[in-house]
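Hydrogens, waters and symmetry mates are skipped; everything else that's a heavy atom, side chains included, is used. Here the structure is a predicted model, which is why all the values come from computation and not from measurement.
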Amino acid sequence: MAVLWTCCVFLACCCGSALGSPKNCDKVREVFMSLGPSQLLLGPTTGKDLQVCMSKNSTCCTKKMEEKYQVAARRQIQTHLQASSSGLKLLISRYVAAFQETFEVLIRQAENHTNAIFHMSYPNMADHAVSTVGELFTDVGLFLLGSELSVDEFVQRFFDALFPLVYKHLINPGLGDVSPGYAECVRSLSRDVRPFGAAPGLLADQITSSGVSGKLLLQALHLSIEVINTTDHLQLSRECRRALLKMQFCPHCQGLTQSKPCRGYCLNVMRGCLASMAEIDTHWREFVSSLEGLSARMHGTLDLEQVLLGVHTLLHHAVGHALENGAPLSKQVQKVCGPPGRKPAESVSVRHSSRRASLPLQAPVKVTGEAFTSKRRDFLRTLRPYSTFYGSLADQLCDRYLSSGDGWLCWNGTSMVESYTVRVVGSGVRAQSANPEVKVKGTDPVINQIIDKLKHINQLLQGKSIPKLGSLDQIETGSGDGEGRYSGECDDEDGCAGSGGGESKSKVSKVFKLVPDVISDYKHHNHHPPFAKDPEIGGRSNSVRLIGTIWVPVLPCLHMLLVW
């Protein structure tokens, strides 16, 4: 019995600093120094000026330390938020780049096939039509990547430019060089004489129907990146910052630098802090589901691959229609424009041969007819597990980074305990009325804006409303929403500032610069050095294991003392 009593007294002395007031602040000072240069406390004090980390016993913290700890807690949570979303953000960024590259390749392939069919079927005209064909597919690319072009107009403009070439080289192949004025006269008749039949309207309809779907897919993904950037940098409320300080760094004031919060306590704090983000959950789930629905509808006339890879066939038939009606077309042109000047046909033929030799046909880019479809399926299959991302975000942060594991002593906000016995609330703003750790006043206004954008894009993805000119770009960029966006309260200790700026979609080069910027932004926010070197941030430490080990023999000793 004497041996057991001696053991109990020895163990109680060894763990006294963890059970009551700290005897010295050496370990606290060491951890605090990792946060950057600052005034340090030389020893325990009463802590009368503390606002959050108050204690009945002596403390290792001063008011200045408490303020710095609060900033540290906020930055640490932001780092964890970015780490949690990094996989989702990188996934979307990669597929945005892949989809845009697929669009580029499909457009180049469609252009090459069109030039190839013209060379095989209409060699006298093919070289002269290269630039006209190139302009058509440049406009198609601009439209797909966000430019507000009128498809009807640029398609009709292409056929207007094609008619003088068909008239001169195919309908009347003996014509010599004609004056620019005569060629313009022939071009101006295109819309009246309709040499290509229904082809212009059919091509415009196909590009519009399939292009809007592809364009909407890309812009929906850009919006999803905006959602992630906004939530990654959401400014936390004052109540939340104080709760984070209490959960993460107030134990340091008692000398418990290796402690971790109990899981239930962590869930209450994080569900309170992220209550507004949890409101995104329903709309984010619908967003993922709506993307799947749009992808399922992208077949037939809505299949961008099928439409683009079929353009050369449609144009071949359109030119054939003009040749079949060559005689009446010639009469109509001569009636309005008169007879053109002529040159010997032989010299024209020689010049054509020379041009064909100087402009070799570009080798077609090999892309299967399922490239875009396959990428969409792969993307949606990978995205599906992230459909619950915002609803489970608080739980992810606690389980992956913050809380202690089962069977370990943990911090409950005031002391080290075996378990957290207070009620754990659910997710979302309404559930926080019963939260004992964080007061939540309402939904964050920036989150409300993000939710409104998700509602709008979901309607478009589901086909419930027709996109108007410019509406998709407005959804994507909003009124300056961007990664630097902050919300909620912001005081001097935060050093926060908003930033904005939309990305113009008027030129292809600007659109294609978007994806490298996004990936660069991802690297910037996810490959920085750790905020602090506190072992607590890293995982379960040996000191925590030691405390748990000490408590096993101490508890029966204390029981014996109480009985005696």
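Separating the NZ atom in K375 from the CZ atom in F99 is a distance of 8.5 Å, to the nearest 0.5 Å. Atom CZ in R74 sits 12.0 Å away from atom CD in Q248 (nearest 0.5 Å). Atom CD in Q396 sits 5.5 Å away from atom OG in S84 (nearest 0.5 Å). Taking CG of L106 as the start and CG of L144 as the end, the distance is 9.0 Å to the nearest 0.5 Å. Interatomic distance, OH of Y390 versus OG of S276, reported as 12.5 Å (0.5 Å rounding). Distance check, rounded to the nearest 0.5 Å: CD of Q76 to CZ of F249 gives 5.0 Å.
Considering all non-hydrogen atoms of both residues, L329 and F163 come closest at CD1-CE1, 4.5 Å. Heavy atoms only, all atoms of each residue included: G87 and Y386 are closest at C-OH, 3.7 Å. When all heavy atoms of Q206 and S210 are compared, the pair lying nearest together is O-OG, 2.7 Å. The heavy-atom pair separating M298 from R376 by the smallest distance is O-NH2, 3.5 Å. The shortest heavy-atom contact between A183 and P164 is O-CG, 3.7 Å. T388 and S392 make their closest contact through O-OG, 3.0 Å (heavy atoms, listed as atom of the first residue, atom of the second, distance).
Counting heavy atoms from C-beta outward, I228 and F389 have side chains that stay 4.5 Å or more apart. Contact check for H119 versus D127: side-chain heavy atoms found under the 4.5 Å cut-off. Side-chain atoms of R271 and V424, non-hydrogen and from C-beta on, do get closer than 4.5 Å to each other. Put simply, the side chain of L267 reaches to within 4.5 Å of the side chain of D395, judged on heavy atoms. Contact annotation: the side chain of I457 approaches that of L216 to within less than 4.5 Å [non-hydrogen atoms, C-beta and beyond]. Using a 4.5 Å heavy-atom cutoff, the side chains of L291 and L221 are in contact. Taking 4.5 Å as the limit, some side-chain heavy atom of L165 sits within range of a side-chain heavy atom of T132. Taking 4.5 Å as the limit, every side-chain heavy atom of R285 sits out of range of all side-chain heavy atoms of T282.
Between R157 and D160, no side-chain nitrogen of the basic residue sits less than 4.0 Å from a carboxylate oxygen of the acidic one, so the salt-bridge criterion is not met. Using a 4.0 Å cut-off between charged side-chain N and carboxylate O, R384 and E292 make a salt bridge.
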**Request:** Just do the side chain to side chain contact (heavy atoms under 4.5 Å, CB included) check on H128 and Y122 with the steps written out, would you?
**Result:** CA-CA 11 Å; H128 302 276; Y122 316 112; over 6 Å; no
**Message:** Run the side chain to side chain contact (heavy atoms under 4.5 Å, CB included) test on Q449 and T230 for me, step by step, so that the C-alpha distance in whole Å, both residues' side-chain angles and the decisive distance to 0.1 Å come before the verdict.
**Reply:** CA-CA 10 Å; Q449 293 177 10; T230 302; over 6 Å; no
**Evaluation steps, side chain to side chain contact (heavy atoms under 4.5 Å, CB included), between K168 and V186** = CA-CA 10 Å; K168 174 183 176 181; V186 177; over 6 Å; no
**Request:** Evaluate the criterion salt bridge (Lys or Arg N to Asp or Glu O under 4.0 Å) for residue pair D378 and R381; output intermediate values, then yes/no.
**Result:** CA-CA 5 Å; D378 290 343; R381 182 172 57 252; 2.5 Å; yes
**Prompt:** Passes salt bridge (Lys or Arg N to Asp or Glu O under 4.0 Å), E111 versus R108? Steps please.
**Reply:** CA-CA 5 Å; E111 180 179 354; R108 289 200 306 270; over 6 Å; no
**Prompt:** Going through the distances and angles, do C273 and L244 end up as a side chain to side chain contact (heavy atoms under 4.5 Å, CB included)?
**Reply:** CA-CA 9 Å; C273 287; L244 290 174; 4.1 Å; yes
**Message:** Using the rule given for salt bridge (Lys or Arg N to Asp or Glu O under 4.0 Å), can you reason through E153 versus R191, listing the C-alpha separation, both sets of side-chain angles and the distance that settles it, and then say yes or no?
**Reply:** CA-CA 11 Å; E153 181 58 34; R191 304 192 187 194; 3.4 Å; yes
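Ring planes of F372 and F103: perpendicular class, angle over 60° (limits at 30 and 60°). Note: H113 and H312 have perpendicular aromatic rings, judged against thresholds of 30 and 60 degrees for the angle between ring planes. Classified by interplanar angle (parallel below 30°, tilted 30° to 60°, perpendicular above 60°), the ring pair F379/Y95 is tilted.
For the residue pair E286 and S290, no side-chain donor N or O sits within less than 3.5 Å of a side-chain acceptor on the partner.
Here the side chain of E437 pairs no donor or acceptor atom with the backbone of G272 at under 3.5 angstrom. Side-chain N or O atoms of W284 include none that pairs as donor or acceptor with a backbone N or O of L454 at under 3.5 Å. Q432 contributes no side-chain N or O that, together with a main-chain N or O of V438, makes up a donor-acceptor pair within less than 3.5 Å. Side-chain N or O atoms of T208 include none that pairs as donor or acceptor with a backbone N or O of D205 at under 3.5 Å. The main-chain N or O of A431 is never found under 3.5 Å from a side-chain atom of N435 such that the two would form a donor-acceptor pair.
No more than 12 heavy-atom neighbours from other residues, nucleotides or ligands sit within 6.0 angstrom of CZ on R430.
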